[in-house]
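Working notes, beginning with the structure itself.
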Amino acid sequence: MPKWLRDAVFYEIYPQSFMDSNGDGIGDFDGIIEKLDYIKELGCNAIWMNPCYDSPFQDAGYDVRDYKKTAARYGSNEDLIRLFGEVHKRGMHILLDLVPGHTSEEHEWFKESSKTESNEYSERYIWTDGWLSAPSGLNYVAGETPRNGVYVLNFFKCQPALNYGFLNPTESWQKGIDDPACIATREAIKDIIRFWLDAGCDGFRVDMADSLVKKDDEKKSGTSMVWKDIRKMLDESYPEAALVSEWNMPHFAIPAGFHMDFFLDWTGNGYNLLLRNMENGRNNSFFKKDSDRSILDFFDEYLEKYEKIKTQGSYSLITGNHDTTRVSHFLDERELKLAYAFLFTMPGNPFIYYGDEIGMRYLELPSKEGGYTRTGSRTPMQWDNTVNHGFSKADAKDLYLPVDTAEDAPTVAGQQKESDSILNTVKAVLAIRNSHDEFKDNANLELVYAKNDERAFAYRRGSLLMLCNPSDDEAVISSGAINTNGEKVYEIGNTACHENGYTLGAQSFGIYKL
Ligand code: NOJ
């Protein structure tokens, strides 16, 4: 595990919408450089940037046309390398987004692969051996290429799946994972990894990391084999490079060679229940003050996975990402503060999605670049109250996406001035996280108090005790259940430690040193 990951707190940047330095209406690398000090002051020392490569942008850049060239709208390769340098100058790190499962249909490899004449790239994608054969259980496209065959998709129609083979090939056109064509795909991805690590990036968030080997890889042994092979190269040549998976199966991802996996937002799962849980039209997210959920709805699922990997890697909690509905759509200001205090004091490296630190809102917008309902979570960052909230000097009509024009739209500048703002709460909690070693030990979580029919709960990280009461009623956790010699380090709302236990005021969160 790279040493720097131990205390890394990540900030996710959707480059389109973070900061436009040249007034063309879309964010860019130089804009990010301008805001690095802001990210650092917030308490984040690492960045994950969504794809910034050449692309037709039918899926916001997750449809890569050239892995080794940046999209001109963000700047040149040299500009990106300058960004790496500026990040490092500040003692920070940056992950690029690696998309190994598919390319754009406009990628040169795919154009070559679509040709009737056999060539180096003929088997780089998954093709059947005739135009009438349908690959069962997989999405595919027929009727669009000169080649006699249909090709398998990994996600959208614009994203043909790269060929890493099949775990148990049953058809003549299916390759085994050690077929030379599949090894060539793997080597091509390793080459891209080396290219950007050599250029100065610090690792990758890996898109759909579980999607490489096709049927019947339910236990992921095939896909894991590919990642172990990549891990070997990283261990040998790039031991400080971080690898983070979009997988949500840490017990597969960590042994396969990732340092970190995300607890992703899947409807009804433990993470979803915390922040975005709708039940028959009712918002019953755990952090809503009137929810009837218990924190065990989260912990039962989380702990099972956490316990399996806690000494080898991390299972990270996010405020949201470019695929989720902004968390402020479900939680009000006070609820957000409690939720963030919880997320940032749990094990694993926290990830803050740009704008969540001020409670930026979800906007109802038509789909942009394949965003669909995700588009509303991808709007320009709201820096201040100048034109376009300080995001860009372009005409409003030329912006990548519209800014939030609500009178009371939150901004960084506005919240910096209010001591009790979401922004300052995020800063305060991160400052505590960053200054206590207990939060850097990934394996020390102990759930000390949680009941199925109660809302308040408490957990420990070494000598630090966290207590939370998300409900509107005062709660008491009595001394029998918990250590009561705590000294208050931080609180939201009112909390008190006394010989009978802890009294937690309505919607409160406390950190105590034992
Ligand atoms: C997951 C990414 O987070 C999402 O934005 C993208 O659309 C799909 N993978 C396909 O690459």
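All ligand and atom numbering here is 1-based and tracks the order in the structure. Starting from 1, each residue takes its place in the sequence as its number.
- Residue contact check for ligand 1: E369 places no non-hydrogen atom closer than 4.0 Å to it.
- By the criterion of a heavy-atom distance under 4.0 Å, the side chain of R205, and not its backbone, is placed next to ligand 1.
- If you run salt bridge (Lys or Arg N to Asp or Glu O under 4.0 Å) between D59 and each of R374, K157, K368, only R374 comes through.
- K219 pairs by the salt bridge (charged side-chain N to carboxylate O under 4.0 Å, His left out) definition with nothing, not counting sequence neighbours.
- Side-chain atoms of D191 and Y67 form no donor-acceptor pair, as typed in the model, at a separation below 3.5 Å.
- Nearest protein heavy-atom contact of atom 7 (O) of ligand 1 is D59 OD2, 2.7 Å.
- Residue contact check: H102 has heavy atoms under 4.0 Å from atoms 10 (C), 11 (O) of ligand 1.
- The closest side-chain heavy-atom distance from R73 to Q16 is below 4.5 Å.
- Near D207, meaning under 4.0 Å from one of its heavy atoms, ligand 1 places the atoms 1 (C), 2 (C), 3 (O), 8 (C), 9 (N), 10 (C), 11 (O).
- Proximity to H322 (heavy-atom distance under 4.0 Å) selects the following atoms of ligand 1: 2 (C), 3 (O), 4 (C), 5 (O).
- Ligand-side atoms of ligand 1 in range of D323: 1 (C), 2 (C), 3 (O), 4 (C), 5 (O), range being under 4.0 angstrom from any heavy atom.
- For ligand 1, the atoms lying closer than 4.0 Å to a non-hydrogen atom of R374 are 4 (C), 5 (O), 6 (C), 7 (O).
- Between the side chains of D261 and S245, a donor-acceptor pair is found at a separation under 3.5 Å.
- Within the 4.5 Å cutoff, side-chain heavy atoms of L234 are placed close to those of I193.
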